[in-house]
Amino acid sequence: MTPYDHKTIEKKWQAAWEAKQLYHTKSDSLKPKAYVLDMFPYPSGDGLHVGHPKGYIATDIYSRMKTMQGYNVLHPMGWDAFGLPAEQYAIKNKVHPRVAVDKNVARYKEQLSVIGFNYDWTRELNTTDPAFYKWTQWIFLKMFEKGLAYESYEPINWCPTCQTGLANEDLDGCNCERCDTLVVKKPMRQWVLRITDYADRLLADIDALNWPVSIKESQKNWIGRSEGAEIDFVVEGSEKKITVFTTRPDTLFGATYVVLAPESKILEDLKQQILNGNEVSLYCESAGKQSEIERTTVGREKTGVRLDGVMAINPANNEKLPVFVADYVLGHYGTGAVMAVPAHDERDFEFARKFGLRNRKVVFPNPLVSVPRNAKDIAMGVVGELRVVTECFMGSGEMVNSDRFTGFFNEDAKKPITDFVKGRWVTKYRLKDWVFSRQRYWGEPIPLIHCEKCGVVPVPEKDLPVILPNVESYAPTGTGESPLADISEWVNTTCPKCSGKGKRETNTMPQWAGSSWYYLRYIDPKNTEMLVDKKQEAYWSPVDMYVGGAEHATRHLIYARFYHKFLYDIGVVNYEEPFKRLQNVGLIMAEDGRKMSKRWGNVVNPDDIVATYGADTLRLYEMFMGPFGQSVVWSTESIIGPRRFIERVWRLADNVKEGEGDAKLEAVLHKTIKKVGDDIESFGFNTAISALMILVNEMEKATQVSRVHYETLLRLLAPFAPHVAEELWSHVGNVESIHLESWPVFDATKTVTSQVVIAIQVNGKVRDTMTVPVETGEVSASTMAQERPTVAKWIFGKKIKRVIFVPQKLLNIVVEE
RNA sequence: GCCGGAGUGGCGGAAUGGUAGACGCGCACGACUCAAAAUCGUGUCUCGUAAGGGGUGGAGGUUCAAGUCCUCUCUCCGGCACCA
């Protein structure tokens with residue numbers, strides 16, 4: 001046989017598959033469906049590095065196997081092309097973002113095509129295509145209609161470098177996730193989506209998803225549910241009340257003072273009563289200047305100011321409590337006010353110490369009421385006694401000093417105490433509403449019109465899409481308006497309601513908008529009447545297998561779930577969750593251990609690897625490197641292994657003969673069928689390939705390989721190395737494509753061999769092995785084993801206590817020591 | 001601090017409670033060759049000539065049998081974090 005020449009083979013078959021339209025998905029199939037999806041890429045100017053295709057290779061293998069197993073497979077690809085990078089690239093290179101995107105898409109497609117993917121390119125999507133973003137805008141209109149989109153003037157995160165407002169999800173700590181600049185709080189007009197309305201459902205439905213635990217946990221933490229009580233503290237001498245949120249209503253009898261956040265609205269209401277108003281507003285002003293990162297540093301020195309003249313009444317015991325404003329209480333969480341219990345909260349304890357509250361009569365520490373009693377106290381017999389508290393106690397225990405609740409276990413007292421003081425049991429979330437407007441050019445225009453008379457009016461559906469107009473300069477203005485604001489002929493329009501003068505909304509949508517629903521459009525990409533045909537949606541949804549990076553855990557994957565639930569509510573989709581199963585792809589790091597980046601000059605281009613070793617080798621190598629979800633270091637040295645493996649399979653073709661296959665080889669073959677199928681299903685590609693290698697090693701040992709066995713090997717290999725499998729498939733005389741073949745069927749009876757090797761242990765230590773007939777039972781195995789000198793010497797003169805026998809595996813003789 | 005995940009040869013890693021280190025890389029030796037590459041063969045956790053002993057971050061425990069289960073602990077990675 002001729003030597004293996006990947007270049008000719010790969011080119012030849014890629015052209016043949018294209019000509020035969022091998023991978024065009026049919027929507028009218030009676031077969032069961034498998035929707036296999038990659039997170040679509042952002043086509044940047046740098047092109048692909050070897051890390052990018054890793055996930056695509058996995059879905060390619062998975063979907064190819066599914067096709068062979070008789071599924072109707074949808075495996076599409078598209079481009080998430082709105083957003084800052086294209087805009088920045090365009091500004092830098094002085095080309096229109098449209099031009100830059102088209103060029104980058106072409107380059108990406110070229111790079112992907114040489115790897116031999118089975119994408120159905122007839123369904124290709126691009127989020128910047130008006131036919132696509134028409135529906136991105138349509139969803140926004142529906143949300144607006146349902147009151148889920150609202151205009152707000154609250155201070156938001158502003159990135160001074162990107163010159164745009166950002167959502168919480170766009171931050172990495174307190175820095176812009178894109179450019180790492182420290183964000184500032186800036187009050188400005190913005191559009192916000194009420195994702196918090198969905199917080200409970202987003203949280204509740206996580207458990208049922210077949211997703212990695214780590215992603216589910218991240219989302220749970222991000223949504224951040226906590227249950228607690230809202231309790232009203234009436235302000236002495238007025239009808240006003242301060243509502244606090246606490247997860248520890250059981251400590252209410254230990255409340256020592258009340259704290260308000262500097263940005264809390266109650267402060268305004270209390271203005272007249274505050275005797276030291278100047279001091280208070282000075283404090284609030286300086287607190288406002290602090291960055292979020294300064295505000296929220298754990299262990300930072302507590303600061304605050306007492307509101308002179310204001311006392312709050314503890315509804316549990318009518319005790320009068322002083323009120324403070326302090327920046328350790330955050331305005332945007334809970335009610336912006338807390339009751340402070342120094343005995344049972346470290347922060348309150350610290351504050352109390354700092355402010356010398358210990359010297360006050362009812363407060364600290366002389367003597368401080370201690371509510372839940374800890375186990376040590378109970379052991380020491382300290383019962384119901386007022387104690388001096390020198391540190392706070394965060395645990396659970398029996399309650400003391402709590403009037404009628406004394407003697408309760410504190411956890412059991414939470415709800416009764418809340419009821420007793422007429423509080424409300426509520427659930428709070430950490431998740432915040434989604435700041436949805438960007439002051440940038442390269443995004444979907446928000447389809448709204450501001451009319452002097454009618455206010456905010458949605459663009460009628462028939463007028464969608466609102467096309468993103470061309471501008472002279474797409475650089476950000478930095479004023480809080482997008483560059484669109486400068487195009488008066490676009491901005492000025494008529495109000496759809498009153499036909500009077502109207503101005504278009506000039507903010508654009510964030511990059512996440514298109515990616516929040518794109519997976520639905522692949523189902524029915526050409527539909528001009530509706531987002532997706534309902535029957536088609538019912539057939540294809542949900543996505544059965546979704547593959548992408550873990551960095552999307554609390555960004556894209558939350559947004560998409562939110563969108564999907566909304567679309568479910570308005571009847572567009574039939575299923576409440578978009579992605580049934582999710583697999584994370586682990587990063588491929590450069591050989592220097594850093595991320596691959598132009599900046600470090602450590603990028604490995606897949607084109608080069610394909611040219612030198614071939615696409616099939618690249619595919620096998622990336623899957624063989626390690627567990628799929630784990631990050632791995634690229635090693636050009638190790639890539640030779642998979643290449644050698646392919647060459648072995650290649651050379652094996654010379655040894656293929658017609659006729660019955662060897663029974664021993666057949667046993668290995670069927671074990672391999674089982675292993676490879678199971679492993680692809682569970683994304684254990686590294687062990688699947690290892691099983692194929694073991695099979696090939698066995699086939700090499702045999703004097704000849706039957707054609708049936710060899711063809712089975714090729715079918716198992718086909719999803720991993722589609723080109724070489726196809727070439728060898730045709731070499732052994734097949735006319736149709738191997739990729740239209742069925743997946744080998746596992747037959748358990750074929751894995752049974754006549755002889756098995758079993759381990760012999762004495763007291764749990766392996767002393768010998770022996771080959772016995774497969775049907776050997778305990779008694780004969782035990783007898784045979786004891787006759788062997790290597791075993792006999794360990795049991796000689798000792799009494800056998802028992803014998804453990806695991807058929808076909810192991811015999812353990814337990815003797816007296 | 002809270003919530004997850006993970007610690008196994010020189011390296012990547014494998015092991016339904018049942019022979020730890022599969023498979024691959026690297027390395028060593030051998031075959032082929034004038035030679036090299038490629039290929040093939042043998043070996044490769046550790047101490048020991050061997051018999052045998054030790055060994056999956058550490059310490060205990062359960063079990064005939066533990067990398068795997070339980071308790072404590074250390075380290076690393078990810079998410080959240082003055083969130084009341």
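Remember, predicted model here, so these are calculated numbers, not experimental data. Both backbone and side-chain heavy atoms feed into the values below; hydrogens, waters and symmetry mates do not. A note on names: the letters A, B, ... follow the listed sequences, proteins ahead of strands, and every chain is numbered from 1.
Distance from the side chain of P627(A) is smallest to G13(B) among C25(B), C82(B), G13(B). Closest to the V329(A) side chain, of the nucleotides A15(B), A84(B), C25(B), is A84(B). Of all nucleotides listed (C3(B), G13(B), A65(B)), C3(B) comes nearest to the side chain of N221(A). When distances are taken from the side chain of E217(A) to each of C80(B), G4(B), C40(B), the shortest belongs to G4(B). The side chain of I694(A) lies closest to A22(B) when the candidates are G24(B), A22(B), G18(B).
Using a 4.0 Å heavy-atom distance criterion, V766(A) is classed as a sugar-phosphate-only contact. Residue V633(A) is classed as having no contact, given no heavy-atom separation below 4.0 Å to the nucleic acid. Here I215(A) lies out of heavy-atom contact (under 4.0 Å) with every strand. Residue V814(A) is in sugar-phosphate contact alone, with no base atom involved, counting any heavy-atom pair closer than 4.0 Å across all strands shown. Nucleic acid contact class of T769(A) (heavy atoms, under 4.0 Å, all strands): base.
OP1 and OP2 of C82(B) both lie 4.0 Å or more from every side-chain N or O belonging to R300(A). Here N697(A) reaches the OP1 or OP2 of G24(B): one of its side-chain N or O atoms lies under 4.0 Å away. For Q219(A) and G4(B), the shortest distance from a side-chain N or O to OP1 or OP2 is not below 4.0 Å. For the pair R648(A) and U39(B), the criterion of a side-chain N or O lying under 4.0 Å from OP1 or OP2 is not met. Taking only side-chain nitrogens and oxygens, N686(A) never comes nearer than 4.0 Å to OP1 or OP2 of G24(B). For S690(A) and G13(B), the shortest distance from a side-chain N or O to OP1 or OP2 is not below 4.0 Å. OP1 or OP2 of A84(B) lies within a sub-4.0 Å distance of a side-chain N or O belonging to Y333(A). Using a 4.0 Å cut-off, some side-chain N or O of K765(A) falls inside it from OP1 or OP2 of G54(B).
Nucleotide G55(B) forms no Watson-Crick or G-U wobble pair with any nucleotide shown, as no partner meets the under 3.5 Å limit on both distances. For C69(B), the paired base is G61(B) (Watson-Crick or G-U wobble, both distances below 3.5 Å). Across all strands shown, G30(B) is found opposite C40(B) as a Watson-Crick or G-U wobble partner, with both distances under 3.5 Å. U75(B): Watson-Crick or G-U partner is A6(B), with both key distances under 3.5 Å. Base pairing of C80(B) is made with G1(B), judged by Watson-Crick or G-U wobble geometry with both donor-acceptor distances under 3.5 Å.
Distance CZ (F628(A)) to C1' (G13(B)): 17 Å, rounded to an integer number of Å.
Comparing A51(B) with A6(B), their C1' atoms are spaced 39 Å from each other, to the whole Å. Nucleotides A20(B) and U44(B) are separated by 16 Å at their P atoms, to the nearest Å. When the P atom is compared between G9(B) and U46(B), the two are found 12 Å apart, to the nearest whole Å. The C1' atoms of G21(B) and U68(B) are separated by 15 Å, rounded to the nearest whole Å. Of the C1' atoms belonging to G55(B) and U71(B), the separation is 23 Å, rounded to the nearest Å. As rounded to the nearest Å, C25(B) and A14(B) have C1' atoms that lie 15 Å from one another. With C1' as the reference atom, G12(B) and G18(B) are 27 Å apart, rounded to whole Å.
Remark: K220(A) engages D207(A) in a salt bridge, criterion side-chain N to carboxylate O under 4.0 Å. A salt bridge is defined here as a Lys NZ or Arg NE, NH1 or NH2 lying under 4.0 Å from an Asp or Glu carboxylate O, and E681(A) with R581(A) meets this definition.
Using cut-offs of 30° and 60° on the angle between ring planes, the pair F685(A) and F720(A) is perpendicular. By the 30° and 60° cut-offs, the orientation of the rings of H552(A) relative to W512(A) is perpendicular. A perpendicular orientation is assigned to the rings of F683(A) and F628(A), their planes being inclined by more than 60° (bins at 30° and 60°).
The CG atom of L695(A) sits 5.5 Å away from the CG atom of L713(A) when rounded to the nearest 0.5 Å.
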>> Set out, in order, the CA-CA distance, both residues' side-chain angles and the distance that settles salt bridge (Lys or Arg N to Asp or Glu O under 4.0 Å) for E263(A) and K185(A), then state yes or no.
In response: CA-CA 13 Å; E263(A) 55 276 76; K185(A) 287 279 173 196; over 6 Å; no

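Proximity of the aromatic rings of Y429(A) and W222(A) is defined here by a centroid distance below 6.0 angstrom, and this criterion is not met. Ring centroids of F324(A) and F351(A) are separated by less than 6.0 Å, placing the two rings close together.
Each of R430(A) and R644(A) lies near RNA chain B, and the nucleotide nearest R644(A) is the one positioned closer to the 5' end. Of the two residues contacting RNA chain B, namely R651(A) and S218(A), the nearest-nucleotide position lying further toward the 5' end is that of R651(A).
Between the side chain of K801(A) and the base of C64(B) there is no donor-acceptor pair of N/O atoms closer than 3.5 Å.
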Protein N or O to nucleotides 47-52 of chain B N or O, pairs below 3.5 Å:
{"from": "A51(B)", "atom 1": "O3'", "to": "K793(A)", "atom 2": "NZ", "distance (Å)": "3.3"}
{"from": "G52(B)", "atom 1": "OP1", "to": "K793(A)", "atom 2": "NZ", "distance (Å)": "2.9"}

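At a threshold of 4.5 Å between non-hydrogen side-chain atoms, the residues V772(A) and V757(A) do not count as touching.
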